[in-house]
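As a basis for the values below, the full set of heavy atoms in this structure was taken, side chains included, without hydrogen atoms, waters or symmetry mates. The chains referred to below are lettered A, B, ... by the order of the sequence lines, with proteins before strands, and numbering in each begins at 1.
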Number of protein chains: 2
Amino acid sequence: MTDQPLEPEFPLKPAQKKGVSKAAFRRLPHYHQIVSAYEGLGRRYISSKELSQILDINETLVRKDMADLEIRGRQNQGYAIEVMKRAIEDYLGLQDSTDALIIGAGHLGKALALYHGFEQYGLRIAGILDNDPGKIGSYVGPHEVLSVFRLASTIERKKIKLIVLTVPRPSAQEVTDIAVGAGVRAIWNFTPTELRVPEQVRVRNEQIIAGFMTLSYFLKNLNVPEEIPEAAE
Amino acid sequence: MTDQPLEPEFPLKPAQKKGVSKAAFRRLPHYHQIVSAYEGLGRRYISSKELSQILDINETLVRKDMADLEIRGRQNQGYAIEVMKRAIEDYLGLQDSTDALIIGAGHLGKALALYHGFEQYGLRIAGILDNDPGKIGSYVGPHEVLSVFRLASTIERKKIKLIVLTVPRPSAQEVTDIAVGAGVRAIWNFTPTELRVPEQVRVRNEQIIAGFMTLSYFLKNLNVPEEIPEAAE
DNA sequence: TAGATTGTTAATCGATTAACAATC
DNA sequence: TAGATTGTTAATCGATTAACAATC
């Protein structure tokens, strides 16, 4: 195993004075979610105080994050929701669509393939592949399940840059190697595996069990006398 | 919306000199995954150097994390994999089992209910509920889908402390309120919603789209001249 | 106006890393 | 032994927060 970021989520220019810090970068999806919800409620503005309360972080931190994103607020009103949402989307490149191939048509792969809600972030499922002859040729929503033997050719033909890995652990590295060889640059990894990839390829590990672990710790320490701290990160 | 941790994952005693820092706490699932994989390969020891390379963090940081967890290494050999795995599991309470109810028998809810691999972390699916009459009474693996009207009574009868939320966004808060009223203390939230909960209840937001956002940023900036930084966090 | 709010700087806090001693 | 490695302390770095000026 070689070098592989624990979390690949950070700005590409972290050294610069101006710009978004790693920590701020990680908060962007949360900001986006909140303003999306507020937009749905018909709200036009949101203050740093409101945002800070929802996220349970310091009010000043919200203002600093906005300043770093070059999102300007209005005295007495807060930040314009439309502006903020758009700025985050622009920053993350969510306006341009991204085609992805799902590898593994198991329960999770199917759930991801059928999820409505990715489109609004520019994520388009371009196909789904599996190695099970019993699944190949069947349909998952509009997508015919392709043989994983067609992985490289499909990536090349469709110029796919992102794959979503939901295969069993033992095949994860093998599939990764093929995909990387065919030109993939990013891997959304739902398998419990630390993948080895060349440095020009980015991996995001969606280690779902990690979420449970944090809750387990909390549940097993419910009776610890110490007060529970306000916030993490 | 009121106070709600952005990430609820941190030790309960962060102020103390001795103990695991928030940042280290977040690395525990990764350490655990790596040593599990190494154990599967028949390895007995792993050095801080190996761990640091896989995680792409500094070697000293690994040793500091181990010291904070009170895991002792051996000169010239590194850390005993069995000891390390066990220590992390003990720390997180993964040895004691946790019963959870899945709310929402959609694609994701079913995928989680059917996932084999939670058991090894002590997570047991105690049932699955939905509000769709077409689903109620059907089976997801060994579990009969129950009406969500039985949520409170099921929580109380089975003394459930954790629910897994995979309902559509509009129902998320309502279901949460019922579950919290019935005594639930932790919510594993897969809906794109910032839930309001009393402070004794912990929420872990599994905002899956966040992972895509980080990859989107990377993919949209492939041609940025600046060198790509080594690691995040 | 007073109050609410943003925006910025400096101070503080927490996490990481460098340096190095210890030891098998 | 020399080399590999852990363990610890102090220095550095980065992120958060407090303080406060600006302004609508």
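A close approach under 4.0 Å does occur between a side-chain nitrogen or oxygen of A/R63 and OP1 or OP2 of C/dT6. OP1 or OP2 of C/dG7 lies within a sub-4.0 Å distance of a side-chain N or O belonging to A/Y79. Note on B/T60: every side-chain N or O is 4.0 Å or more away from OP1 and OP2 of C/dT17.
Between A/I46 atom CD1 and C/dT5 atom P there is a gap of 12 Å when expressed in whole angstrom units. We find that CG of B/D68 is positioned 14 Å from C1' of D/dT6, with the value rounded to whole Å. Look at CG on A/L61: it is 14 Å from C1' on C/dT12, rounded to the nearest Å. Here the C1' atom of nucleotide D/dC13 and the CG atom of B/N58 are 13 Å apart, to the nearest Å. Separating the CD atom of B/E70 from the C1' atom of D/dT8 is a distance of 15 Å, rounded to the nearest angstrom. To the nearest angstrom, C1' of C/dT6 lies 13 Å from CZ of A/R74. A/K49 has its NZ atom 17 Å from the P atom of C/dG7, to the nearest Å. Distance A/D65 CG to D/dG14 P: 17 Å, rounded to the nearest Å.
A donor atom on one side chain and an acceptor atom on the other are not found under 3.5 Å apart for B/T60 and B/K64. Side-chain N/O atoms of B/S48 and B/R63 include a donor and acceptor closer than 3.5 Å.
B/S47 comes within 4.0 angstrom of the backbone, heavy atoms only, and of no base. Within 4.0 Å of B/N76, counting heavy atoms only, lies at least one base atom of the nucleic acid.
Using a 4.0 Å cut-off between a side-chain N of Lys or Arg and a carboxylate O of Asp or Glu, A/K220 and B/D96 do not qualify as a salt bridge. For the pair B/E39 and B/K85, the salt-bridge criterion is met [side-chain N within less than 4.0 Å of a carboxylate O].
Here D/dT5 is the nucleotide among D/dA15, D/dT5, C/dT17 with the atom lying nearest to any side-chain atom of B/Q75. Distance from the side chain of A/A67 is smallest for C/dT8 among the nucleotides D/dG7, C/dT8, C/dT16.
The backbone N or O of A/P29 lies less than 3.5 Å from a partner atom in the side chain of B/Q207, making a donor-acceptor pair.
Taking a pair to require two hydrogen-bonding distances under 3.5 Å in either a Watson-Crick or a G-U wobble arrangement, D/dG3 pairs with C/dC24. With a cut-off of 3.5 Å on both Watson-Crick or G-U wobble distances, the partner of D/dA18 is given as C/dT9.
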